[in-house]
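Let me begin by presenting the structure, written as C-alpha cells, before commenting on it.
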Amino acid sequence: MTRLKTNDICDIPSRLEQYNQDLLVKTGQTLLGIACHARGVDEIKIQHQVKSFNIHVVPITAGQGIITDFSAIVTAILTFLGFDAHLADQVDITGIARSFENHANAIMMADDHKFVGINLNKGAVVDNSEATGRVFAAALDLMAKGIRGRDVLVLGCGPVGEAAAQTLLSLGGKLALFDTNLSAALSLKERLLRFRADQKIRIEPDVIKAIPRYGYLLEATPAKGTIPAKLIGEHQLVAAPGVPLGISPRGCQVLKHRLIHDKLELGVAAMAISLLA
Ligand code: 2YC
C-alpha cells in the first residue's frame, strides 16, 4: 500500500469544487453520485441522510505516525459531500473513545496498514482499498456509459484491483487481468471464478501487447509508467486508482477527459456511503 505524502494531498480541499465538475463532465455524475453508484443506492435518498450522519476522523500515531493534514483533508472531503464530519481533537485511543462518548455514527482512521471506516452503531467496517477499487470501477462504468459486454483490462491484482475486478464483473464487464506477478493474476482469477463459474476471465501475460487491445483500462498498480503514452489509443477510457499515477504527464495529455484519477476523494466518498447505506 503506497503511503501518501502531505504534498500528494494538500491541494485536495481547495480543488474539490473543480474536481466535482470534472467528474460530472467525465461520468455524468458528481463525487457523491459516483459513490452512490458504487454502492447501488439512490443519491436523492442518501442526500437526505448525509447531513445528520456524524463521522469523526481520528488521527493515528502508530507506526510511521501522522501524515500532516491527512485527517483534516479526509474531514474536508466528507464535509464537501454533506456529512456532519469532525476532525477529532485527540489522537489514538483517546480520540476513538471520545468519538464513542460523543455518539458519533462512525469513525474513520488509518495506520500504516489499513485505512478504515467503522459504523459505530452497526459495527460494520469498510476498507479503503476495497472501496477504492469498487468506486473506480463504478466510475469507469459511468464514463463508458455502461461497461456491460465491453472488454476491460485490470492492471494490478492486489486488494484495489481485486475489488475493481469484482465490481466490473458484477457490472457485466468482460474481464482480463494483468499483474507483474503472474501468480497474483492467476490466484485472483481463481477467487473470482469461485463466485462466477460461468464467467470468462482472461489472463494477459504481456501488458505492452495487451494495452492496445482493450478500450477500457483500470490501472490499480503502485508503479509509475504502467501505461506508456505511446500505447494510448484514440478512444481508450482509463480509471486509475493506483498511487502513484501509472500514466505519464504526456499520457495524461493524450487521455485528457478520458482519465479518472485521484489520491483520496473517490475512495473516501465510497467509504462514507458504505458506512451510511
Ligand atoms: O495521519 C494519520 O493518522 C496516519 N496514521 C495516516 C497513515 C495513512 C497511511 N496510508 C496511506 O497513506 C494510504 C491510504 C490513504 C490508502 C492507502 N495508502
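If you're wondering where the values come from, they're calculated on a predicted model, not measured in any experiment. First listed ligand is number 1; within each ligand, the first listed atom is number 1.
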- Message: Please tell me whether Phe80 and Tyr19 form a close aromatic pair, meaning their ring centres lie under 6.0 Å apart.
- Response: no

- atom 17 (C) of ligand 1 sits nearest the protein heavy atom Met1 CG, 3.2 Å

- Item | Nearest protein heavy atom with distance in Å, relative to atom 1 (O) of ligand 1 | Ile67 N, 2.9 Å

- Task: Report, in ascending order of atom number, the atoms of ligand 1 lying under 4.0 Å from any heavy atom of Pro59.
- Result: 3 (O)

- Message: Give me the atom names and distance for the closest heavy-atom approach of Pro205 to Phe178.
- Response: O-CE1, 3.8 Å

- Query: Should the pair Asp206-Lys209 be classified as a salt bridge under the 4.0 Å nitrogen-to-oxygen rule?
  - Reply: yes

- Note on the structure: Nearest heavy-atom approach of Pro59 to Gln90 is CD-O, 4.0 Å

- Return the option from Asp111, Asp92, Leu4 holding the heavy atom at the smallest distance from atom 9 (C) of ligand 1. Asp111

- Check ligand 1 against Phe115 and write out every atom of the ligand that is under 4.0 Å from a heavy-atom position of the residue. 15 (C)

- Of Ile60, Thr2, Val74, which has the heavy atom at the shortest distance from atom 3 (O) of ligand 1? Ile60

- Query: Is a side-chain donor-acceptor pair under 3.5 Å present for Asp141 with His37?
  - Reply: yes

- Item | Proximity winner for atom 4 (C) of ligand 1, if only heavy atoms of Gly65, Ala131, Ala72, Ser129 are counted | Gly65

- Query: ligand 1 and Ala110, any nitrogen or oxygen pair closer than 3.5 angstrom?
  - Reply: yes

- Query: Do other residues, nucleotides or ligands put more than 12 heavy atoms under 6.0 Å from Arg191 CZ?
  - Reply: yes

